[in-house]
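Presented below is the structure to which this report refers.
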Amino acid sequence: MARILLGVSGGVAAYKALEFVRLATAAGHAVRVVQTPASRRFVGAASFAALSGGPVLASEFERDPARGSFPGEPLPPHDPASHLELAARADAFLIAPATANTIAKLAAGAADNLLCSCALAATSPVLVAPAMNNRMYAHAAVQANLSTLRARGVQVIEPGSGRLATIGEHGIGRLAEPEQLLATCEAAMAQSDAARAPDGLAGVRVLVSAGGTREPIDSVRFIGNSSSGRMGVALAQAAQLRGAAVTLVAANLAVPVPPGVECRRVITAEQLRDACEREFDHSDVLLMAAAVADFRPAAAQHGKIAKADRDELVLELVPTADVLAQLTARRRPGQVLVGFAAEHGEGAIATARAKLRAKGLDAIVVNDISRADIGFDSELNEVTILTASRLSQPSLSGQGDGDRAEPDAGDALTVARASKVQVAERILDLVERLRATPAPASAPAS
């Protein structure tokens, strides 16, 4: 995976940096940590060392036992300058939490500690995640320093609002949650890689659906689902970074649309179908990640249904259109169609395999929604990608082809638990392979 250098400055939010290291290493990344001396008043080096598997440094004059290498790498033959070697090897440098004092030093170009020296030597993406009291964050000096960093290409991960560390204090200044920090780091690294690598989807028109539809009961209530749209948005962003022209059909997203992605906002399954139908014919790739309602109320009531004088409320539900099946029925040669299936527990693969065949898809991405640690409204996911035909190249996971029970079945490619940004990259790797080696798609079942 990637090598992430984490800089921790002195604030109460340093405890969240421990969770970031845990998530990043669980996702397969190698992490090294540098601390300011003040940060060790909040979290000790031993905690970071235990979670990262590497030595933790706080001074340029402190010998690095790993000689600037990251966990899993061989030791260099000589002792390099720590701030130069760590920064040179890192694929991203995240400073979280970044206190007002550290932000001021970074803006001024100061190098009076190891963290700031690494920032000056870094050539990879640098990300700064502020954390402080709301009054400090709003101060003109802090905002001016952040503006200076942005102008230099540093990505600022905006703090959240809510309860702050000091009792009774509320406002903006909360360190972004570790899941957001990791997702932003991975997106920055993917963008950096895309800038250096050939555009694998250059000129390709990609249609992505994301989010969950809402079917109105009355003017205020609706039938919905738990989809946040994170997976679809990650796919849209990853495809754009590979050079694709992306259109996102977005149903009630809980996350922002990536800059530069053309967006069609919808609410209901019918609106999503209409938007996808308008875009489908001139799309080369369809990634149908939205969670589309299977049923809707037969008739939505105008106004609000009053609770008074009602002992119960009976809803008559009718099926919605099968958007994906309708699209695949009109596919043209050369289009690549990928569906998504949220299945529950045992039998998920068999159920998804049947959907793959019935809907005439090239591939279907399956995730198990019975697990609380992945899937809906989570930054992480673990999926199995089923293909309609065998792929001659090695599996995406490097772990073999998995489900081979049926002689005419395609491949089953496993993507182990990782961030949705990483899962999106693996799905797009498959899309590129499908486009490079086209095979007849499964015909929809009659």
Side-chain angles (χ1 to χ4, degrees), residues 1-8 13 16-31 51-52 90-98 124-131 154-161 174-195 208 210-211 226-242 246 248 250 253-261 263 287 289 340 365 367 371-383 415-429:
M1 291 296 183
R3 294 168 294 195
I4 301 174
L5 180 60
L6 173 64
V8 183
K16 286 186 177 180
L18 291 171
E19 177 65 5
F20 171 84
V21 175
R22 189 187 70 81
L23 290 175
T25 54
H29 302 304
V31 180
L51 290 174
S52 68
D91 298 307
F93 182 23
L94 169 67
I95 302 169
S124 61
V126 177
L127 304 94
V128 169
V154 173
Q155 183 171 351
V156 177
I157 305 175
E158 302 295 340
S161 296
R174 290 171 55 89
L175 179 65
E177 295 304 314
E179 294 85 356
Q180 182 185 350
L181 295 175
L182 179 56
T184 307
C185 268
E186 289 176 330
M189 290 187 291
Q191 187 167 7
S192 178
D193 290 342
V208 184
S226 300
S227 177
S228 64
R230 284 184 171 87
M231 189 70 252
V233 167
L235 285 164
Q237 184 173 48
Q240 183 193 42
L241 292 173
R242 294 187 183 211
V246 182
L248 176 66
L253 299 182
V255 291
V257 175
V261 169
C263 182
L287 303 172
F340 287 72
V365 181
N367 67 286
R371 291 177 52 179
D373 60 331
I374 58 172
F376 284 140
D377 207 26
S378 170
E379 299 284 354
L380 303 174
N381 211 352
E382 179 172 315
V383 303
V415 181
R417 185 172 181 266
S419 73
K420 288 181 177 177
V421 172
Q422 291 175 284
V423 174
E425 294 292 346
R426 302 290 74 76
I427 293 169
L428 291 179
D429 287 344

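Start at 1 with the first residue, then count along the sequence.
- Between Phe20 and Val8 the shortest side-chain heavy-atom distance does not fall below 4.5 Å.
- With sequence neighbours left out, Glu177 forms a salt bridge (Lys or Arg N to Asp or Glu O under 4.0 Å) with Lys16, Arg174.
- A search for side-chain contact (heavy atoms from CB on, under 4.5 Å) contacts involving Thr184 returns Leu127, Gln155, Ile157, Gln180, not counting sequence neighbours.
- With sequence neighbours left out, the side-chain contact (heavy atoms from CB on, under 4.5 Å) criterion links Ala424 to Met231, Ala234, Leu235, Ala238.
- Remark: the backbone N or O of Val383 is not paired with any side-chain donor or acceptor of Asn367 at under 3.5 angstrom.
- Evaluation of the side-chain hydrogen bond (donor to acceptor under 3.5 Å, both in side chains) rule for Glu19 yields Arg22 as partners, not counting sequence neighbours.
- For Glu179, there are no salt bridge (Lys or Arg N to Asp or Glu O under 4.0 Å) partners at least two apart in sequence or on another chain.
- Take Val261 and apply the side-chain contact (heavy atoms from CB on, under 4.5 Å) test, not counting sequence neighbours, and it matches Ala236, Gln240, Val246, Leu248, Val257, Pro258.
- Side-chain contact between Leu182 and His29: present, with at least one pair of heavy atoms (C-beta onward) separated by less than 4.5 Å.
- With sequence neighbours excluded, no residue forms a side-chain hydrogen bond (donor to acceptor under 3.5 Å, both in side chains) with Gln237.
- Nearest approach of Ala24 to Ile4, heavy atoms of both residues: CB-CD1, 4.5 Å.
- No donor-acceptor pair under 3.5 Å is formed between the side chain of Arg230 and the backbone N or O of Ala254.
- We find the CG-SG distance between Leu6 and Cys185 to be 8.5 Å, quoted to the nearest 0.5 Å.
- Side-chain contact between Glu186 and Lys420: absent, with no pair of heavy atoms (C-beta onward) separated by less than 4.5 Å.
- Looking only at side-chain heavy atoms (C-beta outward), Leu287 and Val365 stay at 4.5 Å or farther from each other.
- Distance check: Leu94 CG to Met189 CE gives 9.5 Å after rounding to the nearest 0.5 Å.
- The distance from the CG atom of Leu175 to the CG atom of Leu181 is 5.0 Å, given to the nearest 0.5 Å.
- The structure places CG of Leu5 at 7.5 Å from OG of Ser124, a figure rounded to the nearest 0.5 Å.
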